[in-house]
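The figures here come from the full heavy-atom set of this structure, side chains too, leaving out hydrogens, waters and symmetry mates. Labels below follow one simple rule: chain letters A, B, ... track the order of the sequence lines, proteins then strands, and each chain is numbered from 1.
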Protein chains: 4
Amino acid sequence: MIVVMKPRSTEADVGHVVKLLDAMGTGSCVIRCAERPIVEVLGLNDRFDRSVLERAPMVEKVMEKPEPIHAAGRRAHEGTLELRVGEQATIGGRGLAVIAGPCSVETESQLLEIAHAVKEAGAVGLRGGAFKPRTTPYSFQGLGERGLEMLARAREETGLAIVTEVMSRDQVELVAKYADVLQVGSRNMHCSPLLIAVGQQSKPVLLKRGWSATLEEFLMAAEYVMQEGNRSVVLCERGIRTFETYVRNTLALAVVPEMKRLSRQPVLVDPSHGTGRAHLVAPMSKAAIACGADGLLIEVHARPGQAWCDGDQSLDLDQFRSLMNELPAFAAACGREMKPV
Amino acid sequence: MIVVMKPRSTEADVGHVVKLLDAMGTGSCVIRCAERPIVEVLGLNDRFDRSVLERAPMVEKVMEKPEPIHAAGRRAHEGTLELRVGEQATIGGRGLAVIAGPCSVETESQLLEIAHAVKEAGAVGLRGGAFKPRTTPYSFQGLGERGLEMLARAREETGLAIVTEVMSRDQVELVAKYADVLQVGSRNMHCSPLLIAVGQQSKPVLLKRGWSATLEEFLMAAEYVMQEGNRSVVLCERGIRTFETYVRNTLALAVVPEMKRLSRQPVLVDPSHGTGRAHLVAPMSKAAIACGADGLLIEVHARPGQAWCDGDQSLDLDQFRSLMNELPAFAAACGREMKPV
Amino acid sequence: MIVVMKPRSTEADVGHVVKLLDAMGTGSCVIRCAERPIVEVLGLNDRFDRSVLERAPMVEKVMEKPEPIHAAGRRAHEGTLELRVGEQATIGGRGLAVIAGPCSVETESQLLEIAHAVKEAGAVGLRGGAFKPRTTPYSFQGLGERGLEMLARAREETGLAIVTEVMSRDQVELVAKYADVLQVGSRNMHCSPLLIAVGQQSKPVLLKRGWSATLEEFLMAAEYVMQEGNRSVVLCERGIRTFETYVRNTLALAVVPEMKRLSRQPVLVDPSHGTGRAHLVAPMSKAAIACGADGLLIEVHARPGQAWCDGDQSLDLDQFRSLMNELPAFAAACGREMKPV
Amino acid sequence: MIVVMKPRSTEADVGHVVKLLDAMGTGSCVIRCAERPIVEVLGLNDRFDRSVLERAPMVEKVMEKPEPIHAAGRRAHEGTLELRVGEQATIGGRGLAVIAGPCSVETESQLLEIAHAVKEAGAVGLRGGAFKPRTTPYSFQGLGERGLEMLARAREETGLAIVTEVMSRDQVELVAKYADVLQVGSRNMHCSPLLIAVGQQSKPVLLKRGWSATLEEFLMAAEYVMQEGNRSVVLCERGIRTFETYVRNTLALAVVPEMKRLSRQPVLVDPSHGTGRAHLVAPMSKAAIACGADGLLIEVHARPGQAWCDGDQSLDLDQFRSLMNELPAFAAACGREMKPV
């Protein structure tokens, strides 16, 4: 049950409602929405009397808690948002955006070689991890700020928008200083303090689906970000954990048309993590476009065999160019086109 | 460990090897392959002496049990098989085949209306269940032979190849009398007696992946059929069971390019069972084509709201025609085309 | 919607209802229950008029299709059934039953050695496969009837009740001739023709949960058997397929108290398949008893390292004896005891 | 490949190795272990020459990267650790510890009522969330520091050790000021910055398994904490996400004996989240003890129907007392006993 206050309700108005609830023996929790406060009633009991609240002057209505998915929700007449990322690029709208790059930033020369190659092949963004979430503490954890500087250098040279991961609330400011898009990774999709923190800054957020998150949990994670005022959220399917073993993850593409139906946010697909196998990246990229994705996030490395991490799922430069040559035909079959570089 | 006999080994030769193994205290199991017998050694122990077997005159070699996937295996230079189904149609090869029809055969008029419509829209086969595997004994179990007769009638009128399910070994002869393709459903993929029985008749077999079968288990099920001499096996991905709830199954499309890589058999996708939601059938059909499927198996009903089962996942006739109009562009993007009707 | 006929309705009465439905443009499906026929209405439409049926003289009532789980359902005041298996043993009731033996029957001496040992240790039944469902056609498929004869021999020598698997409808008669309990394996839990066939004979049925079956599907499989008149169904949890890899299956023990709540049928647990690891069998056996199982199904082999299959999950004779010594304390903690041998 | 430096290697020594690697064209990553630095070689190539490193004076050895699970690893002769929590209690060792309390701290009177009741019934710790990870931003997010103060008050009155969740790195200091045990929740198990932060303070850490974490990932998360010097980690199984729907999570109890085999850390089980159903908490608590758990984490509320969250899985006070009366018999069957209060 929630109590929706009238617009322009004051603190005193809210306090009055809280006291009424207190007197009826229930708890309360105040949610401060953009337009007006809402008071949630906690722990309903027999003494709860709805009419007492409805008679209070600053209460607009008392109602069952609504279905969630507000901020990210789509109304029938609305199209997919086109979000600006960096100086030149966008994600969403009619064109398809490809963001490519290495799993992790290793050295400046490694990064620049890849950046130039993916730019020429038609990517609009460069991905690369400076802070790496790893399963074991004994694995390479990323170059940190030094990696961010290399990414900024690559942007200067190529104009590519920079997409890189932020792993905790206290890294947000630092990463936002360098990146054009802040990525929240699959491991952190459920981490509300981080979601709130990236919602309180203004750079676009690339939110990857948790590998065991339901569709609703995924949209609710986006809601955490958007509730804070940042509407520039890009959703990204990257595979879920199932019983299958020939792939690292099961790419669950049906979520793409379903998210496009429920939400206005652009939807990308990451076929690299989504399969974990380089030879499956091209076919699944095409499938992602065919079922309505607004773009792709692809791992590319000049020498995958020597990559510091995730080499098994990285395309080499030739494989990436070859894929980029094939994609326009699938875009056209969908009545869309690749974003111009 | 297996003992590969020389070609033309007699029963006495095999019996000799079995006795040698017996004397060494191991068990044995004779596998009668097409070309020669193989004796599997069971329960290896310290007394086992490989050289004793290698010296036996009719033994060709003693070796570790090989990796499975023989009959269905693909060698690098080989393309996908093109299998004849019925009088006029094929599955596999360069063209894409669409098989469509209702979940279950209900009445002759229902079936003929759908059959004519899907034929006109470009389908090459008609699906429809006469024997229905259902979760509860209180649900409609299919019309049985009467349904098979209706399917045969639809073939006469339209020329469509008939695909229908067989659920147990003792139904094989009856179903094979009417059907052009025998379907083994997801629930029965692990049922080796049925696999062997459909392998011993000559009609093509459409083998659906078990909803929790690994890729290897799926290919091994095909192997059961093919070992009996029937090489006309079509593989069909139809969604797996995961934690997701907004769909009935998770369509795991990456299995398509992986199966095409490992095997020469044609691969279809069933986006109807693969999602369980009519509005997801069209996007996932396109995705299936884009990642390399050789065709689709789609549930279509003239009035899905009145279907006796699975109405939620059935396209109506207009939706099916509309999808069929869109598919050629995706086929072309793959360098392929729809099979001519 | 279903039409429940009055008791003693004739074929003509049922035919009358079917005609009424036909005239209203719906399909129908007659379910012949023990007490009276039921007609299911298929494909509801606007012309359907409930009152027409309700006025028909032999119709008792027209109602929404009820929640399933009839035959296996438990009413509040009822305890768990105690089912006789073989000459001397029971499963269910207050005592706990342990059934043990090798994965597959290999040789008579192997089987008798194990049978005597498990009998002495306190088992009431002997398990052992004569027909083996295997993932690949290249694996040992069981000794067939020769294995059944060995099992019968072991019963003669030890008095143990014999539990062995039946894999298809046409094996039922043969297996029922030798076995005391017919096991339907996890791979076949969804196979309704087999369920119906074991429901039409009178020996008790041990029904193993499909490795991806929901609780409802499992109870519905039991319902298929019981609808045919055979109420002697024992339910067996044996692990489900999940993302976990350190075990072969995830033993989902909460299903035990839930099934005991919903149904009167005895519930066993198979910790051998349920974990796939011999060192986990003892702790999970104790856990199964602690949460309310009516007994255990355990793989035991005199020399697991030489077992023809599933050696990794088999206890050796000492390990089994040791476990059987520990179980009474857990039975007592539950206010129960081990069944006397 | 890693380069293990000799103890007391200086920064200059490490720098020398890094330069050698650089000259051979590989990357490097320095891991600062307690005893000595280790240099990981990243991106092996043909120019890499192991002997160059082995000749460097401060290098002890060059070796393949070892299997993980160091800090948490168990050697054969070692028992389970007994960790002090708060002033009076311990977790681990021979006795079984029960920690109980509400899902979230609501009001002081609510908390004190529960705290006194669970103390009397035999609990050694009080659980209760002040910071709540919730799926939607529209749900109650916890009382924050006010909730922590109430927990501290409950400790004063009852002597119970306080277990409460910390959700992000910047909350660690605050939560550690009030709590006796810092809980890292299932949603945050993969969040390495948080794991590192709780590893750098000295209060014990209760680490809940991620709902889709493999056993290895779980142990590696513990490793993150322990690498920082905090060895007081308690592992807690709380159910995994599977296809099952009659429960909120699938309690995967086999992980308990497996973790006890691999690690010295105490292992608790949370049957409340592990099933999501109050009526399954008691049987699964007994099962957890039976398979070797060192204790339980149980949600208890004086009036579950009015709980502000998770009422469906909370025991009421009578149910909890009744369970606590039954547990000693299961502890005794394991040769253990409940910890004295």
Side-chain angles (χ1 to χ4, degrees), chain A residues 209-219 237 239-262 267 269 271 274-293 326-336, chain B residues 209-219 237 239-262 267 269 271 274-293 326-336:
Chain A
R209 182 185 186 189
W211 63 56
S212 288
T214 64
L215 173 59
E216 193 195 328
E217 288 168 350
F218 189 16
L219 292 172
E237 159 66 16
I240 58 172
R241 187 163 274 185
T242 70
F243 64 83
E244 289 194 312
T245 53
Y246 77 97
V247 277
R248 192 172 160 196
N249 290 290
T250 293
L251 193 64
L253 284 180
V255 87
V256 174
E258 189 70 5
M259 289 195 296
K260 299 284 294 178
R261 188 172 74 90
L262 295 175
V267 175
V269 169
T275 64
R277 306 284 173 257
H279 70 275
L280 296 173
V281 169
M284 297 321 285
S285 294
K286 298 168 189 172
I289 299 302
C291 68
E326 293 186 273
L327 290 182
F330 291 90
C334 299
R336 305 179 75 171
Chain B
R209 182 185 185 189
W211 63 55
S212 289
T214 64
L215 173 60
E216 194 194 329
E217 288 168 351
F218 189 17
L219 291 172
E237 160 65 18
I240 59 172
R241 187 164 274 185
T242 70
F243 65 85
E244 289 194 313
T245 52
Y246 76 98
V247 277
R248 192 172 160 196
N249 291 290
T250 294
L251 193 63
L253 284 180
V255 87
V256 173
E258 190 70 5
M259 289 196 296
K260 299 284 294 179
R261 189 172 74 91
L262 295 175
V267 176
V269 169
T275 64
R277 306 284 173 257
H279 71 274
L280 296 173
V281 168
M284 299 319 286
S285 293
K286 298 168 190 172
I289 299 301
C291 69
E326 293 185 273
L327 290 182
F330 291 90
C334 299
R336 306 178 74 171

ask   = How close do Ala254(A) and Tyr246(B) get, heavy atom to heavy atom, and via which atoms?
value = C-OH, 3.2 Å

query = How about Pro257(A) and His279(B): do any of their side-chain heavy atoms sit closer than 4.5 Å?
reply = no

message = Below 4.5 Å, heavy-atom pairs only: which of Val255(B), Val247(B), Leu327(B) has the largest tally toward chain A?
response = Val255(B)

message = So for Ala213(A), is it side chain, backbone, both, or neither that comes closer than 4.5 Å to the heavy atoms of chain B?
response = backbone

message = Consider side-chain contact (heavy atoms from CB on, under 4.5 Å). Of Thr250(B), Ile240(B), Leu215(B), which one does Glu244(A) pass it with?
response = Ile240(B)

query = If you count heavy-atom pairs under 4.5 Å between each of Pro271(A), Ala290(A), Ala252(A) and chain B, which one has the most?
reply = Ala290(A)

note = Most contact-rich option vs chain A, by heavy-atom pairs under 4.5 angstrom, among Ala329(B), Cys334(B), Ser212(B), is Ser212(B)

query = For Val256(A), is it the side chain, the backbone, both, or neither that has a heavy atom closer than 4.5 Å to a heavy atom of chain B?
reply = neither

request  = State the CG-NZ distance between Leu253(B) and Lys286(A), to the nearest 0.5 angstrom.
outcome  = 14.0 Å

Between CZ on residue Phe243(A) and CZ on residue Arg241(B), distance to nearest 0.5 Å = 10.5 Å

